[in-house]
A.B. asks: 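Structure incoming, see below.
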Amino acid sequence: MASVTIAWRYVAVFALAILFLYLSNFRDGIFVWQLSQQEGGTYIDEAFRILHGQLIYRDFFEMLVPGVFYVDAFFLWLLGPTPTSVGIM
């Protein structure tokens with residue numbers, strides 16, 4: 001009986017955590033960007049550099065894992081390096 005009560009507590013904590021993450025990142029079903037414009041511009045610039053053949057940690061340095069920039073570079077390659085594609089990203 002006690003294990004069932006503990007299991008429901010875990011379910012309740014998980015549900016509250018999901019609710020908190022949803023409410024802190026979405027407003028009316030629209031994702032709210034958490035970074036400032038300057039940080040976003042830096043990420044797009046570094047993705048653009050990767051798109052043009054530079055390598056992270058050799059040609060420029062960033063504290064984040066490289067996957068973030070390679071995903072951004074993929075979307076720049078897929079959609080083209082235009083202001084519209086950057087807005088979609």
Side-chain angles (χ1 to χ4, degrees):
M1 186 69 174
S3 64
V4 173
T5 305
I6 293 173
W8 278 108
R9 286 184 184 173
Y10 282 116
V11 169
V13 168
F14 181 75
L16 288 173
I18 294 297
L19 179 65
F20 171 76
L21 290 173
Y22 177 79
L23 292 176
S24 65
N25 289 310
F26 290 91
R27 300 290 186 271
D28 296 326
I30 299 172
F31 182 72
V32 178
W33 185 252
Q34 298 290 327
L35 300 173
S36 69
Q37 293 293 332
Q38 293 83 13
E39 291 169 339
T42 302
Y43 296 158
I44 298 301
D45 176 62
E46 291 169 349
F48 190 74
R49 293 171 76 173
I50 289 172
L51 191 63
H52 283 78
Q54 294 187 9
L55 292 175
I56 191 169
Y57 307 123
R58 184 191 73 185
D59 298 317
F60 60 94
F61 184 78
E62 182 60 56
M63 294 296 291
L64 293 178
V65 295
V68 173
F69 306 106
Y70 284 102
V71 168
D72 286 345
F74 171 74
F75 280 107
L76 284 179
W77 172 79
L78 184 67
L79 302 172
T82 63
T84 304
S85 66
V86 170
I88 292 172
M89 292 174 23

A.B. asks: Please report the interatomic distance CD(Glu62) to CG(Asp45), rounded to the nearest 0.5 Å.
C.D. replies: 10.5 Å
A.B. asks: Apply side-chain contact (heavy atoms from CB on, under 4.5 Å) to the pair Ile50 and Glu46, showing each step before the final yes or no.
C.D. replies: CA-CA 6 Å; Ile50 289 172; Glu46 291 169 349; 5.6 Å; no
A.B. asks: Membership question, hydrophobic clusters at under 4.5 Å side-chain separation (ILVMFWY): are Ile56 and Phe61 in the same one?
C.D. replies: yes
A.B. asks: Roughly how far, to the nearest 0.5 Å, is CG of Leu76 from CZ of Phe69?
C.D. replies: 12.5 Å
A.B. asks: With a 4.5 Å heavy-atom cut-off, do Val11 and Trp8 have their side chains touching?
C.D. replies: yes
A.B. asks: Less than 4.5 Å apart, side chain to side chain, heavy atoms only: is that true for Tyr43 and Leu64?
C.D. replies: yes
A.B. asks: To check you understand the geometry: which heavy-atom pair defines the closest contact between Ala73 and Leu51, and what is its length?
C.D. replies: O-CD1, 3.8 Å
A.B. asks: List the residues meeting side chain to side chain contact (heavy atoms under 4.5 Å, CB included) with Leu55, not counting sequence neighbours, and say none if there are none.
C.D. replies: Arg58, Asp59, Tyr70
A.B. asks: Transitively linked via ILVMFWY side-chain contacts under 4.5 Å: Phe14 with Ile6?
C.D. replies: no
A.B. asks: Is it true that atom OH of Tyr57 has more than 12 heavy atoms of other residues, nucleotides or ligands lying nearer than 6.0 Å?
C.D. replies: yes
